[in-house]
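Keep in mind it's a predicted model, so treat the numbers as computed, not measured.
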Amino acid sequence: MAHYMQEPSRTFSEYLLIPGYTSEECIPDNVSLRTPLTKYRKGKEEPAISMNIPLTSAIMQSVSNDTLAIALAKEGGISFIFGSQSIESQAAMVARVKGHKAGFVASASNLMPEDTLADVLALKEANGFSTVAITHDGTPNGKLLGIVTGRDYRVSRMDPSQKVASFMTPIEKMVVAPAETTLKEANDIIWEHKLNSLPIVDKDGNMMYFVFRKDYSSHKANPRELLDSKKRYLVGAGINTRDYATRIPALLEAGADVLCIDSSEGYTCWQEKTIAWVRENYGDTVKIGAGNVVDRDGFLFLAKAGADFVKVGIGGGSICITRETKGIGRGQASALIEVAAARDEYFKETGIYVPICSDGGIVHDYHMTLALAMGADFLMLGRYFARFDESPTPKVLVNGSYMKEYWGEGSNRARNWQRYDLGGSTKLSFEEGVDSYVTYAGALRDNVEASLYKVKSTMCNCGVINIPDLQREAKLTLVSSTSIVEGGYHDVQLRSGPSAK
């Protein structure tokens, strides 16, 4: 006879937190969100890797590239660069994160002199950047020939077909700086010449970076940034259970700080073999997470296999249709509660604390706090980060609103068959994800700051100022369908117009 879970499969929205005593020290400014990423002997040593905020970005084509990885590391979290690409391409992304110099920004908007004003406007519409580097081949690292900003053209007085060469500021009239320029020197040049941006070029005149005036204060205001011993940003990378023997060495050579097996289901011999290969070849020097699982057995299997952290969640992602297509998975809250108990059980038996990552099911910001209270050490988010400027996808206008493209790794678009590998044919037999849009939300920094302030505020309401205390002291209650309705606005007529804002 099959084994039946006695409790229903529950989601985050079925729970609320009960307030605890709030003391004078319980204010958001005093809250620490620092959390371990990798396993360690709790009480006897520090984790090899910790994060300053409990957020990581999902291993997805439409989420985690080098641009987002840099932005998230500045805020204190880690991105896992997606693995459903060539080894060379993924390693290059990792290398760009590790080689990024704070304050030095690779040019995100580039055109050639023979392009037109229409191209400038289309590029600005797509990515929101007003500074365009004009290079000989239109690439970020081509020979710099000029620059176009909003001061170089007037849409109302110019023909959209006018060539960029006719209105750009040519290199002869620009202030540029050599490759060896330090950030302090670059900022001094910007202030001395009253510039909005300073291009950094190599000895052959090829474009390397921009240093922007507007970034000066923001780079001073990154107290949470996550750096390695060489003051480089930390970055993770996703791997699969097929080509790990060739992919992992390339990623490590590029500088990856931590790896994670990207799979829809982690309770498999394939993950065990992958972790065993890492331990055999690198010992404990290489950090690798595994998953996903949804119960005690799955967690204990991966913990005993040697995983540095374990991801929890099957079918809860906003673009995931695994539950619909295969009838497998579990409500994220139920999965997390059981796995957290298994993690604590494993710690009591072995003295080793294996962090768990809640992957999927986060719809509202308050779900972040619930996930942490239920035992998650950190969260992995896809849809949340896909909405921001720094994600890889273009900003598009859909029915009058700006959106960003977002697709699942199990969708026909991604065709990431390795993520759903069961040792059979090397193809995607059916889809387990959809292709969609998410509402554009602006800059990562602003949104992360707002979301985490809510988390900190709620923690203060619970009477705690760090995540371990939240996990130990939180009181949670199930809510009925009626009380869910009661929790929103009800029995009122909303006012419309400016006064309602």
Carefully, step by step, assess V455 and L372 under the rule side chain to side chain contact (heavy atoms under 4.5 Å, CB included). CA-CA 9 Å; V455 172; L372 295 172; 4.2 Å; yes
Would you name the heavy atoms of [X] and [Y] that are closest together and state the gap between them?
X    : Y    : result
G400 : L397 : C-CD1, 3.8 Å
A443 : D389 : N-OD2, 3.4 Å
I59  : D262 : O-OD2, 3.6 Å
I352 : R41  : CG1-NH1, 3.9 Å
A340 : G375 : CB-CA, 3.9 Å
L68  : S79  : CD2-OG, 3.3 Å

As a quick check of understanding, evaluate salt bridge (charged side-chain N to carboxylate O under 4.0 Å, His left out) for K74 and E225, giving each step before the final call. CA-CA 4 Å; K74 288 180 179 179; E225 63 184 356; over 6 Å; no
Assess the side chains of [X] and [Y]: does a donor N or O sit below 3.5 Å from an acceptor N or O?
X    : Y    : answer
N141 : N206 : no
Y406 : R383 : no
K404 : S391 : yes
S84  : Q61  : yes
Y384 : S451 : yes
Q85  : S89  : yes
Q332 : S358 : yes
N466 : S32  : no
T135 : N110 : no
D243 : T246 : no
T274 : T241 : no

Evaluate side chain to side chain contact (heavy atoms under 4.5 Å, CB included) for M112 paired with D119, printing each intermediate quantity in order. CA-CA 10 Å; M112 296 183 290; D119 294 319; over 6 Å; no
Please examine the side chains of [Y] and [X], heavy atoms only from C-beta on, and report whether any two atoms are closer than 4.5 Å.
X    : Y    : answer
V339 : D295 : no
W277 : N281 : yes
E125 : L121 : no
L452 : I53  : yes
L444 : F385 : yes
L302 : Q271 : yes
F378 : L37  : yes
L198 : V175 : yes

Are the side chain of [X] and the backbone of [Y] linked by a donor-acceptor contact shorter than 3.5 Å?
X    : Y    : answer
S107 : P140 : no
Q90  : G238 : yes
S64  : I81  : no
R387 : G442 : no
N292 : G313 : yes
D377 : I356 : yes
H136 : G142 : no
R224 : E75  : yes

Mind checking the [atom1]-[atom2] spacing from [X] to [Y]? Nearest 0.5 Å is all I need.
X    : Y    : atom1 : atom2 : result
W270 : R242 : CH2   : CZ    : 7.5 Å
R34  : S50  : CZ    : OG    : 4.5 Å
R330 : T11  : CZ    : OG1   : 13.0 Å
T369 : H364 : OG1   : NE2   : 12.5 Å
N52  : L226 : CG    : CG    : 5.5 Å
L33  : I467 : CG    : CD1   : 5.0 Å

Please determine whether side chain to side chain contact (heavy atoms under 4.5 Å, CB included) holds for the pair V310 and V354, giving the CA-CA distance in whole Å, both sets of side-chain angles, and the decisive distance to 0.1 Å. CA-CA 7 Å; V310 173; V354 181; 4.1 Å; yes
In terms of heavy-atom contacts, does [atom1] of [X] have more than 12 from other residues, nucleotides or ligands at under 6.0 Å?
X    : atom1 : value
K124 : NZ    : no
E46  : CD    : no
Y453 : OH    : no
Y366 : OH    : yes

Would you call [X]-[Y] a salt bridge at under 4.0 Å N-O?
X    : Y    : value
K98  : D228 : yes
D308 : R279 : yes
K287 : D257 : no
E114 : K163 : no

Would you please indicate yes or no on a ring centroid separation below 6.0 angstrom for F388 and Y440?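 Centroid distance Y440-F388: not below 6.0 Å, so no.
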Assign the ring pair H367 / F12 to parallel, tilted or perpendicular, where the plane angle (0 to 90°) is split at 30° and 60°.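 Tilted, since the angle between the ring planes falls between 30° and 60°.
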In terms of relative ring orientation, are F301 and Y267 parallel, tilted or perpendicular, with 30° and 60° separating the classes?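 Rings of F301 and Y267: tilted, 30 to 60°.
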If the test is side-chain hydrogen bond (donor to acceptor under 3.5 Å, both in side chains), which one of T182, D188, N187 qualifies with K184?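 Passing option: D188.
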Give the intermediate values and the outcome of side chain to side chain contact (heavy atoms under 4.5 Å, CB included) for residues V278 and I248. CA-CA 9 Å; V278 169; I248 289 177; 3.7 Å; yes
Just one of L227, D66, L72 clears the side-chain contact (heavy atoms from CB on, under 4.5 Å) bar with Y233, so which one?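 With Y233 as partner, side-chain contact (heavy atoms from CB on, under 4.5 Å) holds for just one option, L227.
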